[in-house]
Each structure stands twice: as structure tokens, then as C-alpha cells.
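Computation of the quantities below employed the complete heavy-atom set of this structure, encompassing side-chain atoms and omitting hydrogens, waters and symmetry-equivalent molecules.
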Amino acid sequence: MEASGDPEGDGPPGSVRETPRRLSREQIFVLISAASINFSSMMCYSILGPFFPTEAEKKGVSNTVIGMIFGCYALFDLLASLVFGKYLVHIGAKFMFVAGIFVSGGVTILFGVLDQVPEGPVFIAMCFLVRITDAVSFSAAITASSSILAKAFPNNVATVLGSLEIFSGLGLVLGPPLGGFLYQSFGYEVPFIFLGCVVLLMVPLNMCILPNYESDPGKHSFWKLITLPKVALISFVITSLSSCFGFLDPTLSLFVLEKFNLPAGYVGLVFLGLALSYAISSPLVGLLSDKVPSLRKWLLVFGSLITAGCYMLLGPAPVLHIKSQLWLLVLILVINGISVGMSSIPTFLEVLSCAYENGFEEGLSTMGLVSGLFGAVWSVGDFIGPTLGGFLYEKIGFEWAATLQGLWALTSGLVMGLFYLLEHSRRRRRSKLQNILGIEEERTALLPGEM
């Protein structure tokens, strides 16, 4: 039996070197299950962007309400994650995983028949109900997936979770263009029915191959972590970045359709530029963060500042007096994908190192706590972005709305940069003081010997 397959281990990061490279059959099955949920969850999340706002407008739904329909996913994902994380042991990880996939596949198909619902309050209520159920069901599956991965890979959880982000990126990349193509070719129902059936097919697969692990509850305090000043500021940065991503869901497709008169299929390709650049750059940023830890803080800061510039040029901002052009929009989205990767990828390691510096023990429990914090604050921004974005788009237009979104990223980047400068200054002063005290102690120790 290989050491990497032992679910009882909880060693420090350094023990990864003791883990054999060869994966057991059980571990391979766990990776397949986790990759399938990462891919399908992002597909289901991102498929709405290219065409749902247009369909909702036909039903008399305002841009503000459209933004709330997008944003409620993140809000209930946040709430459900906290609940499922607490009661995971009682429900069972495998059951929670499979049940989450089953419910999500069903409600994805239901989303495809919403065009048959009468317009007005009934349509709006059904959109919220289906979207919320989808968020809760996928939250159950993702929460269970993280627990199962921690049991299957006790010595290299972070490495495995990072690698599986590739499948999240693929889902984010393929969702909008596939949804736009199926919508343009076959109508509103087909994208949801197709994707829902694909998700449902994963249920029997995972029932057969997924191991049945038990999960132990965590022992660390979430409140102690979030109240650390550095962690609180990094959380603010993460929230601003996820808000920037979420802002585009209800607004970008409407802006592109109105400004450039593109068909829905091509709108999906516009989204592709952002998602693809993020998916490609994120592993490279992660590698750089691991190899040169001192660069992490500055990747985070400058990534936020570049993101701010991108959103001010996305419209572009009216005060810049730059003509809006499609090639410029796509270029800015590509740069934005890279800059968000620069800012978001180093945050996990920054929070983790801060936790260790403040007395959190090295092990999977702390890493799980940091992962939970990242997911929670990302969901907060993912709720604020679409909700506020839809409202601002309706009131002041896309150009000014995107500019205000950029100001949030600018503020978080500047505040984080100032904190790092102050932290660096404090450490230098502390180091000088320790050197002076060390010299004084040496002199004191030498005096009696000289007498």
C-alpha cells in the first residue's frame, strides 16, 4: 500500500517529498471525480453569460434583477458551504457529493424550460428558485469533493487542488462559447438540457468509482483567521477581484450586443478571451509564486492595479475620450484574465504563511481553513459584482459602471501595497533592533572575561 494513499496522514508541507509519485487506483478515481465536478460546475455557472440576459429582457426583466439572478448563486453558495462544511460528517461525504451532482443536473435541465414560464413575477421567481437550488447542490458536491481529496492526498492537498483548477478553467472557457453556439443553432432550451444530461450521466459513474471516506471536523477558528489584519486585507482584495469577474456576467453580453451588433455565438467568443488567458496564466503565476516567494506580494498588488486599469479601459471610461472598439475590448479582457490570475493565485499562499506566522499549526486543518476562507470571500464578491453591476449598468451605463468597478480594484491594490510597505519597514526596524541588542549582549558577555 502506498504512503500517499493513507487517509490518516496530516503532515507538514515538507512531507510531500516522502510521497511516492505513483498514484493508487483509488487516488486516480478520486481525481476523476473531483475533476468532473470542477469542470461541470464552472460550465453550468458560466453558460448563462452569452444569452440569458437577452432572453430575460424579452420576459420584461430589468438589468438590476438580471444582475441579482446572477449574483444570488454566489450568495447561496457561500451560505450553503458553511452549512455543509459543518454537517459533512453527519451527512457523509460520498452521499453529499453524488446527491449534489444529481440535484444540479436536474435543475440545470429545469432552467432550459423557463422560457415556457409566463413573463413577469412568475418567471423571475422561477429563475431565482432554480439558480439558488443549483448553487446549493453544487456547493454540496464541491464541499464533499474537497474533503475527499484531503483524505485521499493527505500530504499534497494543495498541489492536487491547484492542478484541478485546470478543469475549472476549462469549464469557464468552454461554457460561454458552447452555450452561445447551442443557443444560436438550436434555441434556448438545448444548452441547458444538453449540459444537464451530461451532469446526470456523472451520477452513476461517481457512485461506482468514488471511495467512501469519513471526514473529521476541523479544530481551528475561522474567526481567529479572518481577524488577522493581513488576512482581512487580502480578503478585501479577493472580494474585489471576484466582484470584477462577476460584474461581467450580466453586463458584458448586453454591451457587446448593443455596441457591436454581434450574434450570440460571437459574444461567447468574447468571454473566451478572458477565461482562456486566466486559465493559461494561472499555473504559470502559481509556479512563480512557489519558486520566488518574495514576489507573491508584489504579484498580488500589481495584478490588482492592472485589473483596475483594464476596467477603466473596458468601456472605455468617458473621461478618457477613447473610442470603443471590439479589438480593444478583447485585448483588455485578455490582459484582465492575466492580471486577475496575478492577484488571486498568490493569495492562498499569502494567507497560509500569515496563519503559520500567527500560531496556526502546519497541516491539513489549517490548509482547509484557508481554502474555506478563500471560497467564502470569493463568493461575497461574486454576489456583489453581478448585483451591483446590473444596477449600475441600468442607471449609468456600462462605461461608467466598469470604471467604478475598476476603482474598487484600484483601492484594494493601493491599500494592500501600503500595508506591505509598512510591514517591510517594520521588519527592517525590528531586524536592526535585534542586531543592536545582539551586539550589546555580546559586549556584556565579554566584559567579565576581560576583568
Within this structure, what is the [atom1]-[atom2] distance for the pair [X] and [Y], rounded to the nearest 0.5 Å?
{"X": "Leu274", "Y": "Cys244", "atom1": "CG", "atom2": "SG", "value": "10.5 Å"}
{"X": "Ile193", "Y": "Tyr188", "atom1": "CD1", "atom2": "OH", "value": "10.0 Å"}
{"X": "Ser24", "Y": "Phe29", "atom1": "OG", "atom2": "CZ", "value": "9.5 Å"}
{"X": "Ile238", "Y": "Asp382", "atom1": "CD1", "atom2": "CG", "value": "12.5 Å"}
{"X": "Leu31", "Y": "Glu26", "atom1": "CG", "atom2": "CD", "value": "11.0 Å"}
{"X": "Ile335", "Y": "Ile306", "atom1": "CD1", "atom2": "CD1", "value": "8.5 Å"}

Evaluate the side-chain contact (heavy atoms from CB on, under 4.5 Å) criterion for residues Leu414 and Leu305: first the C-alpha distance (whole Å), next the side-chain angles of each, then the deciding distance (0.1 Å), finally the verdict. CA-CA 8 Å; Leu414 290 175; Leu305 298 179; 4.0 Å; yes
What closest approach, in Å, do [X] and [Y] show between heavy atoms, and which atom pair accounts for it?
{"X": "Gly100", "Y": "Ala140", "value": "CA-CB, 4.4 Å"}
{"X": "Val301", "Y": "Gly413", "value": "CG1-O, 3.6 Å"}
{"X": "Ile69", "Y": "Arg131", "value": "O-CG, 3.3 Å"}
{"X": "Ser304", "Y": "Val237", "value": "OG-CG1, 3.6 Å"}
{"X": "Gly406", "Y": "Ala308", "value": "O-CB, 3.2 Å"}
{"X": "Pro386", "Y": "Gly381", "value": "CD-O, 4.3 Å"}

Picking from [options], what satisfies side-chain contact (heavy atoms from CB on, under 4.5 Å) with [X]?
{"X": "Phe102", "options": "Val199, Leu200, Asn206", "answer": "Leu200"}
{"X": "Val107", "options": "Ile132, Thr133, Leu129", "answer": "Thr133"}
{"X": "Ser235", "options": "Val380, Leu228, Val377", "answer": "Val377"}

Mind checking side chain to side chain donor-acceptor pair (under 3.5 Å) for [X] and listing every partner two or more places apart, or none if nothing turns up?
{"X": "Ser412", "result": "Ser240"}
{"X": "Thr307", "result": "Ser339"}
{"X": "Tyr311", "result": "Asn336"}
{"X": "Tyr420", "result": "Glu350"}

Apply side-chain contact (heavy atoms from CB on, under 4.5 Å) to the pair Leu392 and Phe247, showing each step before the final yes or no. CA-CA 10 Å; Leu392 292 175; Phe247 165 82; 5.5 Å; no
Heavy-atom side-chain proximity of [X] to [Y] below 4.5 angstrom:
{"X": "Leu248", "Y": "Leu333", "value": "yes"}
{"X": "Tyr73", "Y": "Asp134", "value": "yes"}
{"X": "Met207", "Y": "Val203", "value": "yes"}
{"X": "Ser62", "Y": "Glu394", "value": "yes"}
{"X": "Val198", "Y": "Ser40", "value": "no"}
{"X": "Ser343", "Y": "Thr347", "value": "no"}
{"X": "Val231", "Y": "Asn358", "value": "no"}
{"X": "Leu78", "Y": "Phe383", "value": "no"}

Any side-chain to backbone donor/acceptor pair from [X] onto [Y]? Under 3.5 Å, distance only.
{"X": "Thr108", "Y": "Ser104", "value": "yes"}
{"X": "Ser41", "Y": "Asn38", "value": "yes"}
{"X": "Ser185", "Y": "Leu182", "value": "no"}

Over 60° means perpendicular and under 30° means parallel, so tell me whether Phe186 and Phe181 are parallel, tilted or perpendicular. perpendicular
Residues two or more places apart in sequence or in another chain: which of them pass salt bridge (Lys or Arg N to Asp or Glu O under 4.0 Å) with Lys58? Glu55
Could you walk me through whether Leu407 and Leu404 pass side-chain contact (heavy atoms from CB on, under 4.5 Å), step by step? CA-CA 5 Å; Leu407 289 176; Leu404 291 178; 4.0 Å; yes
Counting only heavy atoms not in [X] (residues, nucleotides, ligands), do more than 12 fall under 6.0 Å from its [atom1]?
{"X": "Met68", "atom1": "CE", "result": "no"}
{"X": "Phe391", "atom1": "CZ", "result": "no"}
{"X": "Phe194", "atom1": "CZ", "result": "no"}

Would Leu314 and Gln405 count as a side-chain contact (heavy atoms from CB on, under 4.5 Å) here? Give the steps. CA-CA 11 Å; Leu314 205 56; Gln405 190 69 52; over 6 Å; no
Donor-acceptor pairs under 3.5 angstrom involving side-chain atoms of residues 109-124: please list them, not counting sequence neighbours.
| unit_1 | atom_1 | unit_2 | atom_2 | d |
| --- | --- | --- | --- | --- |
| Gln116 | NE2 | Glu189 | OE2 | 3.3 |

